[in-house]
**Q** 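Before we start, here is the structure in question, set down as structure tokens.
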Amino acid sequence: MITASPTAPARERAMPGWLRRVATPKTLIIVVVAGLIGYLALVPLYYLIWGTFFDANGFTMGGFARAYGDPRVGGMIGNSLWFAIGAAVLSLAVGTALAYLNVRTDVPFKGLFFAASIIPLIIPGILYTIAWIFLASPDIGLLNKVIEPIFGPGFFDVFTVWGMVWVEGLHLSPIVFLLMVAAFRSMDPSLEESALMSGASRWQVFRRVTMPLTRPAIVAAVLIMVVRSLESFEVPALLGLQNGIYVFTSRIYFVLRTYPPDLAAAGALAVGLLVLAVIGVAISNLVGRSSKNYQTVTGKGFRPRPMELGKWRPVMGGAIVVYFFLTVVGPLLVLLYTSLLKFYQAPSTEAFASMSLDNYSELFHISAATTALKNSLLLGVGSATLVMALMAVGAWMVVRSRIPGRQLVDYFSFTPLVVPGLVLGLALSFVYLRSPVPIYGTIFILLIAYCTRYMPYGMRYAVTSMHQISSELEESAQVSGASWWQTFRRVLLPLLSPGLLAGWIYILVVSFRELSSSILLYSPGNEVLSILIFEQYENGQFTVLAALGVVMVLTLAVLVVIAYKLGAKVGLRQD
Amino acid sequence: MLRINNLVKTFDGERRRRHSHAATPEEARVFAVNDVSFNVENGQLFTLLGPSGCGKTTTLRSIAGLERPDSGTIEVGGRVLFSTNEGKKPVNVPANERGLGMVFQSYAIWPHMSVFDNVAFPLQVKRRGDRVSRKEISERVMRVLETMELANFADRQATKLSGGQQQRLALARALVIEPPLLLLDEPLSNLDAKLRESLRYELKRVQRELGITSVYVTHDQVEALALSNSIAVMRNGNIVQLGRPREIYENPNCRFVAEFIGTSNFLSGNVVSKDDDRYTVNTVDGQLVLDSAATLPIGTDVIVSVRPEAVEVSTTSRAGEVPNEWKGTVLTRAYLGDSLDHVVGLGKHELRTRGNPSTSIEPGTTVYLRMDPAKLVLVPVD
């Protein structure tokens, strides 16, 4: 037996031993990354609370009194819940039905599901909402023009809470679809088959086995959709403000846009919204945890024969085509159509005769458009790179290291997930209005906002790929004599790179559609694409806006295709 | 009891066509089950045995109604469940109206129900006319739980049961409606070796006591031999041999069956003479005499299957007294606890033997191998 005795450390350098042990590149990198993650997650929230409850004279509830003392606040909260729950229920009903049809039946046109499922990625909410205004506005909506001879003018009115529910619900439905496809696929099909063998009818199987088993997924999906609708800014701002229908987000925006802006009151509303979002996420986490009890032994995964719809097959096929037209073709076509017109008008022979590409060539002459495109690209690439670089180290800490407090890094990196975009924007303006560093009013404040918002996604991608790498690969590098940094750079990073790249592209894609944080932080001259579209809508430049929207959709579609080729988990994979 | 005639099932041709661009549908057809026929008598346990992908599970799922065959007939107790007989109206009774019991490989225990509710479910979903009273449901559920020794767990959440208990619960649920036919799809494959063995006997006891006709699917030959009244060995969608366990083991009708069931040595040879049932076969390593009911002309190429336990190893020769004595050298030996294997070199080939662990011979020793003519099996070349 040989006992290895620790060799005495050479004392050639003047540094004390403990400092040399601590001040390694490893500790330095870890401290910096952990510090940045904590800073991004916590500082805005701290300033939000501080800015809401404190003014020059100390603690005050004045902001709350002004925000919630308004007699219209009851209607605002009612609208918020009506809108959020309505959109969640609509998206859930549509998304779950589509998922069930896709996974369990022989419904036709399964290829269309894929196209529909990536829609939220390639059509940003702001464009989707504007497209629906073009379709169903009581004055200019194309659908209204089509049915005017039968139902009279203004039959559809998108500028109502029901209109808001419709647009938001449809836009969210592909997300529910993806969640529920995962839920149905992960369910052992023999659970349903055994019920069938017990003599239960299809309906009994669905009601007594399928539904109860997917209930956790359904509850989670509802809550996530409620939270997302509560946070939605585009739909309530564009559809609700016109008729004075306020929800939390549009109210905050309104309070900040009136002069003088009442920051404390906006903060009080933001805190209220944040609390609602936190409650929703907390409940969905609880549900998710209790659903673990439902896991059973799984068999050999025999893909069951899809249920034959028989005479219902054409009916369901028709329903899917209608859905596809409503969510994908309609909005895209109306954007394309508008982008070719001189001024917005219903389709007619003259309208088609007047079509030209003028709006597109005009885009090149609007300096704001090129600036916005440049800004969007810069911010997307910048935030994606920064986030993925930080999260590669962050994920290592969470998954591999034994550093005390590593769980905090995990929690902090997911904190921004529950902070609505508008609330984050407000919180950041609280921080940097007071900051001596001149960041407010530059593009850097947007970069900070984007990094914060997309930190959770980056973390999720990095952690997932870190879990796929055996720790033995890392250990064998160490045994071969590599330092921590060498191991990280030469072994871990190359192995992580597919996952990191997928996350990078995902963040690039979603940063393009960001509006709700940017709207409170941008300054004139620093517009990004989504802001520019918002401004042009407010100025009534529908045709140029539509051309810009088409360019944006095409850019995003290319990025999504690249991401898909690289194996990022976007949309639905048909197998 | 169960009659299956000319069952054919191909993998979804349409999907295959789309991907492989095959010129004609006929070329694209891949048979999962190709013309399978068999009968199961009342009260028997019939096993479909074969490697994965041989069509055994597809056959079982076709009987269950979870898979729709392309053609053939399936009859249980005189009731036609599936038929595509020409001239007659095609019949395909849906799975939920077949009234059969089935145990799935994953057990398919519903995790959101208690043990009692899992078993009561088949009774609760019966059609209005056939539905039994709540009291009778409770009685019947408790009776079957009693048989399966699960009565004490009736109120427990189903997922809180151990693997073996979940297995018995799945069986209880399949039996509660007293089905005419019980289908078992590799029910023991998710259990560890010890538990598998004890449940195997448990399953056999229940099946024999209730006298319930069963079709059992497995890839485990030991399970098949231990449980079955008869076995059908399947390969590539066909039944290659059908018989009682002893027949299958002792008289495999082809090399595939001999290889799949147990271990065996295969010696290629040629029939040189034949006297009634006694054949003489020349192999590279020497001559063998053996008994076989097969009718093969002189000069036929054959394979002789020699089970390791059919070879006696000895350091002394009895040449002249007994037939089939070969000389060889022990290469290695392996002690397996309840038996001892020797690998003996015969010049060109090696022969694996298995015997009582009390006979252990040093490698390098010259030994004599004696093979009983009655235990050697003549297998035609495929």
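Side chains included, hydrogens not; waters and symmetry mates left out as well; all remaining heavy atoms used. Proteins get letters first, then strands, A, B, ... in listed order; numbering begins at 1 in each.
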**Q** Enter the distance from B:Lys126:NZ to A:Gln204:CD here, rounded to the nearest 0.5 Å.
**A**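 If I round to the nearest 0.5 Å, the distance is 12.0 Å.
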**Q** Applying side-chain contact (heavy atoms from CB on, under 4.5 Å), run through B:Arg61 and A:Glu193 and close with a yes or a no.
**A** CA-CA 10 Å; B:Arg61 290 170 60 86; A:Glu193 288 181 338; 2.7 Å; yes
**Q** Nearest 0.5 Å, what's the CG-CE distance between A:Leu213 and B:Met113?
**A**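 If we round to the nearest 0.5 Å, A:Leu213:CG and B:Met113:CE are 8.0 Å apart.
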**Q** If we only count heavy atoms from C-beta on, is the B:His112 to A:Arg215 side-chain gap below 4.5 Å?
**A**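 A side-chain contact under 4.5 Å is absent here.
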**Q** Can you tell which part of B:Leu183 gets under 4.5 Å to a heavy atom of chain A, answering side chain, backbone, both or neither?
**A** side chain
**Q** Which heavy-atom pair separates B:Pro111 from A:Leu191 by the least distance, and what is that distance?
**A**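 For B:Pro111 versus A:Leu191, the nearest heavy atoms are CD-CD2, 4.2 Å.
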**Q** Working to the nearest 0.5 angstrom, can you tell me the gap between A:Arg208 CZ and B:Trp110 CH2?
**A**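 Between A:Arg208 CZ and B:Trp110 CH2, I get 8.5 Å after rounding to 0.5 Å.
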**Q** Measure the spacing between CG of B:Leu66 and OG of A:Ser190 and express it to the nearest 0.5 Å.
**A**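 Here the rounded value is 10.0 Å.
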**Q** Return yes when atom CG of B:Asp192 has more than 12 non-hydrogen atoms of other residues, nucleotides or ligands closer than 6.0 Å, and no otherwise.
**A** yes
**Q** Atom CG in B:Leu100, atom OG in A:Ser198: separation rounded to 0.5 Å?
**A**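 Between atom CG of B:Leu100 and atom OG of A:Ser198 there are 11.0 Å.
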**Q** Locate the shortest heavy-atom distance separating B:Asn96 from A:Arg202; write the atom from each residue and the value.
**A** ND2-N, 4.0 Å
**Q** So with a 6.0 Å cut-off around CZ of B:Arg79, is the heavy-atom count from everything else above 12?
**A** yes
